[in-house]
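Okay, structure first, notes after.
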Amino acid sequence: MGGLPGCPEPGLGQWSGGSPADTGRLSREPNSQARPLPLPLPLPAPMALQRLCRGAGALGCRRSSGLQGQLPGELVEALRAVVGSPNVSTALAVREQHGRDESMHRCSPPDAVVWPQDVEQVSKLARICYSHGVPIIPFSTGTGLEGGITAVRGGVCFNLARMDRITALSTEDFTVAVEPGVTRKALNSYLRDTGLWFPVDPGADASLCGMAATSASGTNAVRYGTMRHNVLNLQVVLADGRVLHTAGRGRHFRKSAAGYNLTGLFVGSEGTLGLITQATLRLHGSPEAMVAAVCAFPSVHAAVGCTVQVLQAGIPVARIEFLDDVMMAACNRFSGLSYTVSPTLFLEFHGSPGSVEEQVRQAGEIVQLNGGSDFAWAREPEARNKLWAARHNAWYAALALRPGSKGYSTDVCVPISRLPHIVGETHRDLQESGLTGLIAGHVGDGNFHCVLVFDPADLDEIQRVKEFATRLARQALALDGTCTGEHGIGLGKRHLLREEIGELGLTIMRQIKAMLDPKNVMNPGKVL
């Protein structure tokens with residue numbers, strides 16, 4: 001879920017339905033070497049369907065805010081002149097669909113929604129908004145967890161779902177370029193016959209450009225890295241409509257010492273510096289062999305300590321995920337499994353058959369030394385997919401514990417040597433707090449999530465959830481960690497960003513923002 005325990009993740013989301021006129025497409029450029037694979041846009045995820053059906057409530061939509069619903073008529077007409085009337089909407093229902101993500105933050109609808117179809121249209125639309133001083137909010141899959149797509153100051157939402165081409169695939173260079181409407185599952189389906197894949201897996205079928213915007217990661221990050229390690233170049237439409245290629249037009253090198261790292265600047269910028277309209281990604285060879293395994297432990301400390309020892313032994317594990325006993329019980333119930341209800345590790349090993357067997361042997365010895373159970377194996381693709389589907393559905397499993405509830409996921413990340421301490425402390429804090437909370441996470445890179453399930457109508461419980469999340473984030477900072485490993489700052493962690501990087505760091509970020517977006521129209525109210 002980047003990383004939440006199986007939660008819809010971190011892209012700066014996309015309303016999967018597109019515009020009313022959208023039929024969906026996924027295509028390569030005419031000169032591409034591999035076969036075309038047209039695919040429809042995906043249906044909304046279960047939580048997306050639920051949230052479309054919810055009316056305004058304690059965490060419902062703000063019916064009006066700032067200029068909402070009051071865009072000048074000439075501005076709306078200018079937008080329609082660029083993309084056509086069917087691709088501009090000011091209807092309340094449509095705006096509300098684009099004013100909320102999977103977070104606990106209140107829905108704040110934009111004043112209008114537009115569906116551009118190419119970078120030229122995005123550039124023209126941005127110029128129009130910039131000239132009027134109207135906020136621009138990017139939207140891809142709507143699966144974010146920090147309120148990154150909420151239009152807190154009104155403005156125009158750019159739904160980029162119809163920009164869904166896969167271009168510039170180079171199997172020899174292990175690179176590909178994708179537009180914002182391309183999701184990770186669609187890309188990997190497209191690559192199926194090439195021997196390549198894109199491994200960054202946040203759990204949800206998020207937009208790849210949205211994943212770049214939030215610097216998402218997920219279950220494979222311990223071996224393959226996060227989005228920050230796998231983005232080579234970005235095409236970005238700046239606030240005033242100029243189009244920037246962060247590493248130079250068409251370039252897709254593995255390393256460079258040429259000037260400042262502009263690509264790294266925009267990865268994780270959460271739509272506050274520009275609209276990502278194309279991402280050039282690093283691909284990886286598909287492993288010859290994959291084996292997944294599950295093992296239970298007598299305590300949280302034993303399971304997390306085993307993780308640290310596996311990494312210290314230099315075992316190139318591809319995934320190593322932790323679920324506490326409460327989360328395991330929820331996953332068993334939700335996914336129809338029968339695993340031991342105990343602190344548990346899910347592991348996966350990639351490589352040649354021989355190397356995988358050696359990894360399994362070494363990891364098994366460390367598991368036994370920490371009191372872990374024998375491995376329950378998942379060797380065939382069907383069994384592995386079932387195992388990881390249960391892991392990725394952990395978010396929905398948690399919410400199913402309290403029907404009608406909302407969820408909030410913490411997202412701290414600490415140096416791995418500090419991981420056993422903070423996970424153990426968090427487990428005890430949960431037991432003492434009286435909150436409904438479950439722990440899961442990508443412990444191989446020091447990142448874990450506490451999923452807090454609460455009644456959206458209970459203001460006292462909401463306050464206690466916020467206090468718990470802030471307390472945990474500050475504990476991570478005290479251990480030289482970060483308040484967010486993969487979900488981003490968004491709306492809710494801005495006060496923590498100051499504590500993490502200091503006043504000078506925050507000042508420099510504000511100066512960068514002011515230089516690129518002097519009118520503060522790019523996703524205002526987020527990050528800073």
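Because only heavy atoms are used, hydrogens play no part in the values below, and waters and symmetry mates are left out as well, while side chains stay in.
- Here T226 contributes atom OG1 and E486 contributes atom CD; the two are 9.0 Å apart, rounded to the nearest 0.5 Å.
- In this structure a side-chain-to-backbone donor-acceptor pair under 3.5 Å is missing from R333 to A330.
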Derivation of the side chain to side chain contact (heavy atoms under 4.5 Å, CB included) call for V317 and L311: CA-CA 8 Å; V317 62; L311 298 174; 4.2 Å; yes
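- Nearest heavy-atom pair, G437 versus L452, reported as atom, atom and distance to 0.1 Å: CA-CD2, 4.2 Å.
- Side chain of R282 to backbone of L232: no donor-acceptor contact under 3.5 angstrom is found.
- For residues 200-235, the ring pair (Phe, Tyr, Trp, His ring centres under 6.0 Å) pairs, not counting sequence neighbours, are W197-Y224, Y224-H284, Y224-H350.
- Between T277 and Q235, the side chains place a donor N or O and an acceptor N or O closer than 3.5 Å (distance only, hydrogens not considered).
- For the pair D324 (side chain) and I439 (backbone), a donor-acceptor distance under 3.5 Å is present.
- With contacts defined as side-chain heavy-atom distances shorter than 4.5 Å, the pair Q117/N87 qualifies.
- Between R391 and E321 there is a salt bridge, since at least one side-chain N of the basic residue sits less than 4.0 Å from a carboxylate O of the acidic one.
- Ring geometry, H98 versus W115: the interplanar angle exceeds 60°, so the pair is classed perpendicular (tilted spans 30 to 60°).
- Remark: side-chain polar atoms of Q359 are not paired, donor with acceptor, to backbone N or O of I315 under 3.5 angstrom.
- Interatomic distance, NZ of K526 versus OG1 of T150, reported as 4.0 Å (0.5 Å rounding).
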